[in-house]
Amino acid sequence: METMEELAKAYDPGQYEADIYKRWEDSGFFAPEAHLPWVDNLSEAERRPFTIMLPLPNANAPLHVGHALGLTIQDILTRYHRMRGRRALWLPGTDHAGFETQVVFEKKLEKEGTSRFKMTREEFYKACWDFVQHNKHLSENGIRRLGASCDWSRNIFSLDPEIVKVVYATFKQMYADGLIYRAGRICNWCPKHQTGLADLETKYEERQEQFYYFKYGPFVIGTSRPETKFGDKYVVMHPDDKRYTRYKHGDKLNLEWINGSITATVIKDEAADMEFGTGVMTITPAHSAVDFEIAERHKLDVEQVIDKRGKMLPMTGEFSGMKILDARVKIVEKLQGKGLVDHIDDKYKHNVQLCYKCGNLIEPQIVPQWYIAMTKQLPDGRPSLRDMAVQALDKKEVEIVTEKFEKTYRHWMENIRDWPISRQIWWGIPLPVWYCQRMQNDECRMKNGVIVDVENTLTVCPHCDSTEIIHDPDTFDTWFSSGQWPYATLMANDAKHGTKDFETYFPTQVMETGWDIIFFWVARMVMMSYYRTSKPPFEKIFLHGLVRDKDRQKMSKSKGNVIDPLGVIDTYGTDALRFALVFSTAAGNDIPLAEDKVKGMKHFANKLWNIARFVLTNLEVSKLQISSSKSIETKTEADKTIILELQQTIEGVTSGLEAFRLHEAAQTIYDFVWHKLADVYLEASKTQLVDEAFADNTKKILLHNLIMSLKLLHPFMPFVTEAIWSEMYGKEKEKLLMIQKWPI
RNA sequence: GGGCCCGUAGCUCAGCUGGUUAGAGCGUUCGCUUGACAUGCGAAAGGUCAGCCGUUCAAGUCGGCUCGGGCCCACCA
């Protein structure tokens with residue numbers, strides 16, 4: 001290609017993008033150890049690593065536009081720091097996303113007329129594995145199409161054996177430290193998915209339901225759940241409630257109840273709200289979190305009434321086997337027959353707890369789960385996981401760039417509860433736990449028969465040699481493994497390749513992700529990392545907002561307003577999408593994405609293309625090397641102005657990037673290229689170029705500005721800038737714009 | 001119940017540590033098929049920066065209150 005004259009008048013992204021990405025990837029420069037031609041005279045400090053972990057996308061669905069935003073921001077930062085000479089590592093990976101994936105996959109099975117309960121665990125796992133592998137490739141291709149300059153040689157999957165090994169080691173250590181324990185307390189049970197869930201994995205919805213007042217001996221009790229009342233042999237009231245002073249804690253009363261007469265015991269507990277209902281309640285510890293806590297305080301009997309599938313148990317007599325809602329109606333009828341219904345309130349509004357995935361009612365159940373203690377001091381004297389995570393902010397070892405989220409983070413930490421990490425699902429990392437059934441000696445008994453075996457290949461109990469051992473069927477909460485991502489990935493890669501990545505690239509510099517997973521993921525990474533490595537997982541947390549549609553609506557499949565990023569790329573090009581995403585919204589705010597905005601940015605890419613055409617058609621090819629700004633003179637007002645503005649732009653874009661103010665950086669370079677360089681200087685140059693006194697110098701200034709613009713714009717719009725650069729300097733890999741030096 | 005955020009041009013949003021005539025994109029109006037680009041160029045209209053009070057030489061920017069909108073966490077038998 002001798003000149004730009006042969007090029008089309010318009011930039012056609014589709015014609016260049018795939019080829020350019022391949023050249024980048026083949027060049028090897030995505031890897032941080034690749035040697036950039038110009039970095040030898042940089043100091044070690046200038047060359048220090050810059051590491052970002054890709055927030056591992058779930059391997060169960062294609063990329064959505066939220067991913068596109070995150071990928072864009074991370075790529076901008078990575079490319080910028082690479083051009084600064086730092087060893088930039090952006091490490092890609094994918095999450096098996098246990099529960100999420102299992103739900104998606106089970107839906108698929110349902111459509112195919114089957115279910116996991118008709119398969120063996122092994123069959124299910126294999127089928128899910130294949131499903132995930134397929135999706136994993138789709139998202140990896142999507143990541144490439146977005147231009148992400150991540151190091152694919154380090155690509156990793158959360159179920160890779162090396163990751164699992166790190167996860168197990170953490171579990172073992174936490175168990176030994178007494179931070180992980182197993183407890184048979186009440187948990188959020190989803191009857192559809194047949195698993196316990198963390199509080200974070202449930203949501204609330206306001207419903208108007210009937211609220212029943214029943215005669216319970218001398219009392220009237222209120223309940224919204226008559227079906228749980230079978231086991232209710234305790235009647236609870238506040239110790240200060242004047243209405244009931246004649247009843248003492250521990251009093252026994254005989255009274256008529258659903259299935260005949262029972263003996264009830266009076267319990268005085270401050271959990272009873274004197275303002276609510278009659279101030280008296282009966283409790284069902286097996287099916288209510290609050291009741292369970294009361295029962296624990298007073299060491300009360302706990303009896304299960306409803307099974308895990310939401311059906312009444314035999315202890316309910318004639319109601320046995322009925323579904324909850326059917327039983328509710330029948331029980332009320334029966335109590336009415338016995339004259340025990342005082343009255344019914346039809347307008348009772350309350351919040352019900354739902355599974356965040358399927359929206360079914362959570363039915364609290366007592367199921368043994370494994371927990372991590374959040375507020376327990378470490379045996380080596382270090383503070384609790386929670387306190388370490390808060391101190392990280394106090395000591396500014398970790399900074400949340402978007403300040404408002406620091407408050408959210410702290411507030412959550414203040415109220416944190418122990419984290420249940422076991423799930424009764426099949427798709428995930430199995431717990432490395434066995435239970436000895438015989439318990440022949442003291443060590444066995446002391447440990448309640450629990451054996452932690454990270455090899456997961458146990459056949460006999462190591463303490464008593466019994467062969468009667470069973471493997472815990474549970475798997476880990478996904479966040480237990482992804483919460484270890486920053487160090488687990490580096491450690492796992494070291495194990496795979498014999499490298500020293502953990503030593504070199506940890507702690508990482510930036511964690512860039514959506515604010516919606518600050519508790520699920522970000523907070524946990526901080527805690528786990530301090531625990532395992534005594535270091536923060538990252539220095540900065542950059543939280544982006546939700547991408548919404550042009551009317552600020554949340555995107556959802558049911559609304560039909562989901563924007564497919566790859567579809568947008570097909571129409572407008574990757575650069576246009578990327579620039580539109582970062583252009584006009586500050587960090588942490590939600591981003592409305594209108595098609596017009598993307599279209600406008602496509603126009604901008606084209607503008608740049610045509611600026612290049614103009615500049616290059618006015619230059620001889622041999623002059624392309626005169627990029628040194630030293631030989632430039634400022635002979636006219638226009639010259640002076642553009643050189644000054646260029647300098648201001650370099651400073652503005654650089655400081656914007658350093659301060660994570662990407663939208664300002666983007667606006668600065670946009671404004672310069674379009675409104676300073678093109679609108680003003682190019683127009684002025686048209687007269688200068690025909691005046692011999694100015695012509696040569698004007699060409700130099702034009703070229704210099706073009707080169708600088710391409711560099712400054714490259715992190716934001718990598719494809720069109722690289723396409724122009726290739727036309728100027730050819731396609732050798734050392735000539736890639738991607739690895740040129742950032743202007744200062 | 002606890003906490004957080006927002007209210008700037010018709011629409012969507014920028015405006016960092018308070019400092020000259022408050023900005024961008026899209027839209028609107030008028031004029032331009034000029035050899036880089038009509039995916040373009042030039043020009044124009046359009047804002048009492050929700051309201052009130054305060055701090056200050058100076059406030060969209062800081063503080064208080066009011067009105068309006070959104071979000072998060074917890075959760076009631």
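Each chain gets a letter, A, B and so on, in the order the sequences are listed, and its residues count up from 1.
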In whole Å, I'd like the distance from the [atom1] atom of [X] to the [atom2] atom of [N].
| X | N | atom1 | atom2 | value |
| --- | --- | --- | --- | --- |
| A/Gln353 | B/C76 | CD | C1' | 12 Å |
| A/Lys686 | B/G42 | NZ | P | 10 Å |
| A/Ile591 | B/C6 | CD1 | P | 16 Å |
| A/His411 | B/G1 | NE2 | P | 14 Å |
| A/Phe519 | B/G2 | CZ | C1' | 13 Å |
| A/Asn589 | B/C13 | CG | P | 9 Å |
| A/Trp412 | B/C75 | CH2 | P | 13 Å |
| A/Trp609 | B/C37 | CH2 | C1' | 12 Å |

Can you tell me if the side-chain N/O atoms of [X] get under 4.0 Å from OP1 or OP2 in [N]?
| X | N | value |
| --- | --- | --- |
| A/Asn606 | B/A38 | no |
| A/His663 | B/G15 | yes |
| A/His675 | B/G25 | yes |
| A/Tyr348 | B/A77 | yes |

If you measure from the [atom1] atom in [N] to the same atom in [M], how many Å do you get, rounded?
| N | M | atom1 | answer |
| --- | --- | --- | --- |
| B/A22 | B/U39 | P | 34 Å |
| B/U28 | B/C65 | P | 44 Å |
| B/G47 | B/G10 | C1' | 12 Å |
| B/C75 | B/G2 | P | 16 Å |
| B/G25 | B/A44 | P | 14 Å |
| B/U21 | B/U17 | C1' | 24 Å |
| B/C53 | B/U29 | C1' | 41 Å |
| B/U20 | B/C62 | P | 16 Å |

Once you apply the 3.5 Å cut-off to both distances, tell me the Watson-Crick or G-U wobble partner of [N], or none.
| N | value |
| --- | --- |
| B/A14 | none |
| B/G40 | B/C32 |
| B/C67 | B/G7 |
| B/A45 | none |
| B/G1 | B/C73 |
| B/A58 | none |

Contact class for [X] (heavy atom, under 4.0 Å): base, sugar-phosphate, or nothing?
| X | result |
| --- | --- |
| A/Ile221 | nothing |
| A/Ser288 | nothing |
| A/Thr282 | sugar-phosphate |
| A/Tyr204 | base |
| A/Ala678 | base |
| A/Gly652 | nothing |
| A/Phe604 | nothing |

What nucleotide, of [options], holds the atom closest to the side chain of [X]?
| X | options | value |
| --- | --- | --- |
| A/Asp679 | B/A36, B/U39, B/G42 | B/G42 |
| A/Thr223 | B/A77, B/C37, B/G3 | B/A77 |
| A/Asp199 | B/A74, B/C41, B/A36 | B/A74 |
| A/Val290 | B/A36, B/G42, B/C75 | B/C75 |
| A/Ala272 | B/A77, B/G2, B/A36 | B/A77 |
| A/Arg661 | B/C73, B/A36, B/C16 | B/C16 |
| A/Arg417 | B/A14, B/C73, B/C75 | B/C75 |
| A/Lys407 | B/G15, B/C4, B/U39 | B/C4 |
| A/Thr408 | B/A77, B/C72, B/C37 | B/C72 |
| A/Asn351 | B/A36, B/C75, B/A77 | B/C75 |

Say whether, by atom type as modelled, one donor and one acceptor occur between the side chain of [X] and the main chain of [Y] under 3.5 angstrom.
| X | Y | value |
| --- | --- | --- |
| A/Arg578 | A/Phe716 | yes |
| A/Thr202 | A/Asp199 | yes |
| A/Gln365 | A/Ile306 | yes |
| A/Trp257 | A/Lys229 | yes |

Presence of donor-acceptor pair under 3.5 Å, side chain of A/Glu414 and base of B/A74: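 No, no donor-acceptor pair under 3.5 Å.
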Check this for me: does the side-chain of A/Lys607 come within 3.5 Å of the base of B/C37 through a donor and an acceptor?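 It does, because a donor-acceptor pair links the side chain of A/Lys607 to the base of B/C37 below 3.5 Å.
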Residues [X] and [Y]: side-chain donor-acceptor under 3.5 angstrom:
| X | Y | answer |
| --- | --- | --- |
| A/His675 | A/Asp671 | no |
| A/Glu363 | A/His287 | no |
| A/Tyr572 | A/Glu595 | yes |

Return the 5'-most residue of the pair A/Met601, A/Trp674 with respect to RNA chain B, ranking by each residue's nearest nucleotide.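 By nearest-heavy-atom nucleotide position, the 5'-most residue is A/Met601.
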Please compare A/Lys229 and A/Asn415 by the position of their nearest nucleotide in RNA chain B and report the one closer to 5'.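 Result: A/Asn415.
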Six-ring centre of A/Tyr244, A/Lys268 cation under 6.0 angstrom, axis tolerance 45°: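 That pair does not qualify as a cation-pi contact.
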Ring-face cation contact, A/Tyr371 with A/Arg185, 6.0 Å cut, 45° max: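 Yes, a cation-pi geometry.
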Walk me through whether A/Glu205 and A/Arg207 qualify under salt bridge (Lys or Arg N to Asp or Glu O under 4.0 Å). CA-CA 6 Å; A/Glu205 193 177 282; A/Arg207 297 228 174 126; 3.1 Å; yes
